[in-house]
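Naming convention: chains lettered A, B, ... in sequence-line order (proteins, then strands); numbering from 1 in each chain. Bear in mind that the values here come from a model prediction, so they are computed numbers and not experimental data.
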Amino acid sequence: MLANLVLSFNCTYLAVLLSFIRFNKHVGNFFSSQHTNNWAVLVCTSRFWFNYRHVANTLSVYRSVKRLGIPDSHIVLMLADDMACNHRNPKPATVFSHKNMELNVYGDDVEVDYRGYEVTVENFLRVLTGRLPPSTPRSKRLLSDDRSNILIYLTGHGGNGFLKFQDSEEISNVELADAFEQMWQKRRYNELLFIIDTCQGASMYERFYSPNLMALASSQVGEDSLSHQPDLAIGVHLMDRYTFYLLEFLEDIHPASKTNMNDLFKVCPKSQCVSTPGHRTDLFLRDPGSVLITDFFGSVRKVELTTDAINLTEPITPVEDQEKEPYSYVDQLPVSEIIHQKPKQKDWHPPDGFILGLWTLIILVFFRTYGVKHLKHIF
Amino acid sequence: MGLLSDPNRRRALINLLTRLNAPICVVCYMAGVAWFMGLAFEPFTLRTYMALATGREFAAHKRKVGGMPVDWLVKTFQARGLEVYTQRFSRTLPFPDENKERYMVKGTNVYGILRAPRAPRTEALVLSAPCSLGDDNNQAVGLLLGLAQYFRNQIYWAKDIIFLVNEHDLIGMQAWLEGYHHTNTTGMDWSPLHGRGGSIQAALSLELSSDVVTSLDLVLEGLNGQLPNLDLANLFYAFCQKIGVLCTIQGKLQRNDWDSVSGYSHSVQTMMLMVMKQASGRPWGDHGLFLRYHIEAATIKGVNSFRQYKTDVSTVGRLLEGMYRKLNNLLERLHQSYFFYLMPSLSHFVSIGYYMPAFGLLAVILFLRALDLWVQLTAPPPTATEDGVAHIEQSSPGVLSVLTPLVISHVTGAALYALPIHFQQVAIEHFPVSETEAVVLTAIAVYTAGLALPHNTHRLLAGEGTEKGWRVLKLVAVLYLAVLLGCTALINFSLGFILALTLVPIAAFVTPHVPKVLSAFILVLLSPACTLLFSVFFFQSCRRYP
């Protein structure tokens with residue numbers, strides 16, 4: 001009943017809006033995305049020299065995001081190990097993403113906010129939910145509001161339903177989904193794009209249930225994400241395949257690009273990536289085709305000059321004759337209707353050892369009491 | 001009723017055991033030997049998943065000084081920018097040295113440390129080349145110095161690299177290791193080390209005696225048959241393939257025809273060489289002493305067998321550089337792969353899980369024999385016969401009849417171990433022999449006396465000649481042998497297996513009922529001393545350079 005009222009109210013509003021759009025095509029783009037600022041949280045979760053490629057992955061996304069306009073004050077960069085100054089790095093103070101050392105993603109103006117052992121599950125979740133001690137400096141906080149579009153990029157070693165942090169702890173997909181729900185309830189984002197490049201990455205976004213989340217992963221459950229070529233001078237693999245092709249794709253994006261999310265979903269097909277990248281858009285309210293890449297990767301505030309006059313009709317009169325109760329922010333969207341999550345069918349397994357042993361014991365006791373001669377009828 | 005507590009069933013089992021005992025023992029023996037030979041068959045094995053001018057200068061200086069040119073080495077290391085330290089050591093030999101007829105060996109080790117430019121000094125790698133007498137091994141030292149210079153110019157080292165030139169091969173190496181780890185197990189006299197790196201992660205020892213090598217040989221066997229981690233052998237093999245150098249193990253080339261008879265016998269020969277080298281218990285390269293300190297080490301020998309395709313020293317240098325870079329990237333000690341294995345070829349290995357059953361089958365023979373004897377001992381005597389009285393009179397042999405031979409055997413063993421060295425001086429005074437001869441002759445004398453013991457002492461023991469008496473003694477002896485062989489096989493599989501191969505059949509089947517002369521002859525033939533002789537012959541026949 002109440003839901004119906006809410007829906008009807010929304011429909012009326014949208015109808016009015018669409019009528020505007022039909023008249024004023026130029027103005028349409030202006031109102032399509034509701035965000036006013038952009039944030040990025042980029043996390044590399046593995047340490048040790050042979051995980052060089054995870055740091056290079058994160059730094060290449062950082063580089064693209066900075067190039068497209070998000071400033072360091074709006075980027076939270078978390079790197080679990082220092083590859084540029086590692087003892088084994090034959091080119092100190094550099095982190096390369098292409099072999100033959102074409103592109104140094106470390107650059108001169110990298111600002112790492114969480115470094116080394118500070119990258120933990122607890123810190124990551126606190127950054128997302130905003131529950132940090134008052135003494136935390138501003139550069140380590142995600143100060144987003146309800147009009148922020150946030151890009152979250154995770155890379156490292158993962159498995160079915162978890163991501164490994166620092167070789168000693170894990171974050172599960174349930175924790176991540178709950179963290180995003182906390183963010184939604186605290187109005188900490190407008191729209192959120194979640195990209196993960198790990199083995200079995202698709203398992204990490206399976207449990208999301210908050211609205212306005214779009215997710216991309218480099219491989220499905222049961223698949224491994226593979227690394228790109230090794231560099232012989234440095235001696236380790238420099239990048240993972242998915243992020244390598246993602247970087248190539250992003251290098252072609254400039255602040256005025258009109259490329260949308262459907263192109264991003266096509267990055268790194270199976271022929272290039274060997275694993276099958278996946279994405280999830282059912283929680284996202286807008287059509288992915290109308291979402292620009294720069295809505296998340298850049299910090300664009302476009303200005304449109306128009307010489308036409310825009311006719312605004314009478315202001316919308318509120319519907320007075322209906323009593324409506326105030327809804328909390330959370331209940332505005334019927335999330336449970338949007339997500340049709342059915343409980344997964346559990347595969348039938350043959351009874352395991354304990355049950356078998358128990359039944360064998362029962363049968364043996366039976367035959368023992370009633371005589372062994374009955375046993376020969378069976379065998 | 002249970003299987004073993006029901007007397008009917010037990011009697012049936014025991015009948016089965018007594019009837020089939022001898023055939024089962026024979027089958028087990030054949031199976032054990034066949035299993036061992038099968039280890040070399042390729043489908044059963046697993047694939048293994050990894051500076052000349054200076055040399056001549058070194059040779060010249062060595063000849064000039066007549067030993068180890070310590071000062072020149074110190075200067076050369078310093079010129080390459082390493083921290084140089086020396087260590088003096090001296091050792092009293094038990095016998096005088098063959099060449100110089102003296103008891104005291106004095107020497108100096110020289111080592112240079114290349115500090116990692118940016119890393120803390122917690123870990124180290126060692127590259128060593130022994131300074132041997134005469135013209136041996138000069139190129140190895142030259143290569144070492146060349147590599148030191150090359151390594152000094154790189155910035156990617158995360159561990160300190162210690163370049164060591166040790167004098168008197170094993171003695172110098174042992175002195176250095178004892179000084180480095182602050183232990184003193186051999187009672188040697190050495191000066192403490194002034195310079196140190198961190199804990200040593202891996203070590204390689206070089207032996208190169210010619211300017212041009214045609215192949216590189218990998219030596220793995222160390223002290224008491226200990227082996228380095230298989231990962232080190234795989235690393236060497238991987239780099240050999242990458243750089244394209246011919247690599248061998250036990251001096252034998254790789255062959256691809258495992259299904260032909262000659263290919264199979266080639267693998268068997270390689271494996272037997274490894275088994276015998278391991279059984280001898282002595283380290284077959286300077287690396288063997290590192291293994292006791294849990295440092296994975298191997299020796300790389302350059303072999304020149306006058307083939308067409310030659311590799312020069314700089315290629316060997318590249319191979320070593322690649323290996324050291326890989327070792328540099330390690331974050332922990334090598335521990336992922338096997339520590340107990342046999343290698344029928346450089347690309348295949350047999351792990352302990354596969355070769356232990358061969359020994360297990362041989363040990364089972366002894367246990368079956370013991371069971372058989374036990375059954376015979378506890379079998380009830382036949383009732384009411386004419387000599388029933390005689391049977392009842394016969395008492396079971398006392399503890400003394402079993403204990404006395406055991407004690408005497410132990411005493412003989414202890415005498416064999418201790419007497420030759422303790423009474424060396426006494427032997428020299430009374431007999432016109434040299435020190436070495438005195439030791440060997442005393443050992444042979446004690447051994448022969450031990451062999452003749454049963455003949456001399458059987459009169460002293462009560463209950464000796466009875467049917468029960470020898471059975472009890474044999475039961476105890478067979479079980480004891482099984483335990484001893486088992487313990488030996490756990491520590492040094494090759495030694496345990498070779499001893500088991502010869503001792504088990506004869507121990508299982510000899511009884512007083514076997515013809516005496518034949519059994520005496522076979523016993524002597526299969527005793528450990530003769531086994532040692534046979535092994536030496538076999539070893540020499542298997543050995544051939546590529």
Between the side chain of A:Arg88 and the main-chain N/O of B:Trp157, is any donor-acceptor distance below 3.5 Å?
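Side chain of A:Arg88 to backbone of B:Trp157, a donor-acceptor pair under 3.5 Å: no, none is there.
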
Between CZ on residue A:Phe50 and CG on residue B:Asn329, distance to nearest 0.5 Å:
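Going from the CZ atom of A:Phe50 to the CG atom of B:Asn329 covers 10.0 Å.
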
B:Asn328 CG to A:Trp49 CH2 distance, which is reported to the nearest 0.5 Å:
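Spacing of CG (B:Asn328) from CH2 (A:Trp49) equals 10.0 Å.
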
Determine, stepwise, if the pair A:Phe48 / B:Leu331 fulfils side chain to side chain contact (heavy atoms under 4.5 Å, CB included).
CA-CA 8 Å; A:Phe48 303 134; B:Leu331 291 159; 3.7 Å; yes

Enclosure of B:Phe340 CZ (heavy-atom neighbours >12, cutoff 6.0 Å)
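Atom CZ in B:Phe340 is not packed in, count stays at 12 or less.
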
Close contacts, residues 120-128 of chain A versus chain B, judged by heavy atoms under 4.5 Å
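Under the 4.5 Å heavy-atom cut-off, nothing qualifies.
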
Set of ring pair (Phe, Tyr, Trp, His ring centres under 6.0 Å) partners for B:Tyr180, sequence neighbours left out:
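B:Tyr180 satisfies ring pair (Phe, Tyr, Trp, His ring centres under 6.0 Å) with B:Trp176 only.
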
Would a 4.5 Å heavy-atom cut-off, applied to side chains only, mark B:Arg118 and A:Pro92 as touching?
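When only atoms from C-beta onward are counted, A:Pro92 and B:Arg118 do touch, with a gap below 4.5 Å.
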
Side chains of A:His87 and B:Pro117: closer than 4.5 Å at any heavy-atom pair?
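No, side chains not in contact.
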
For A:Asn89 and B:Ile155, which heavy atoms make the closest approach, and how far apart are they?
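Minimum heavy-atom contact is O-CD1, 4.3 Å.
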
Under 4.5 Å heavy-atom distance to chain A, tell me which part of B:Ala116 shows up: side chain, backbone, both or neither.
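Neither part.
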
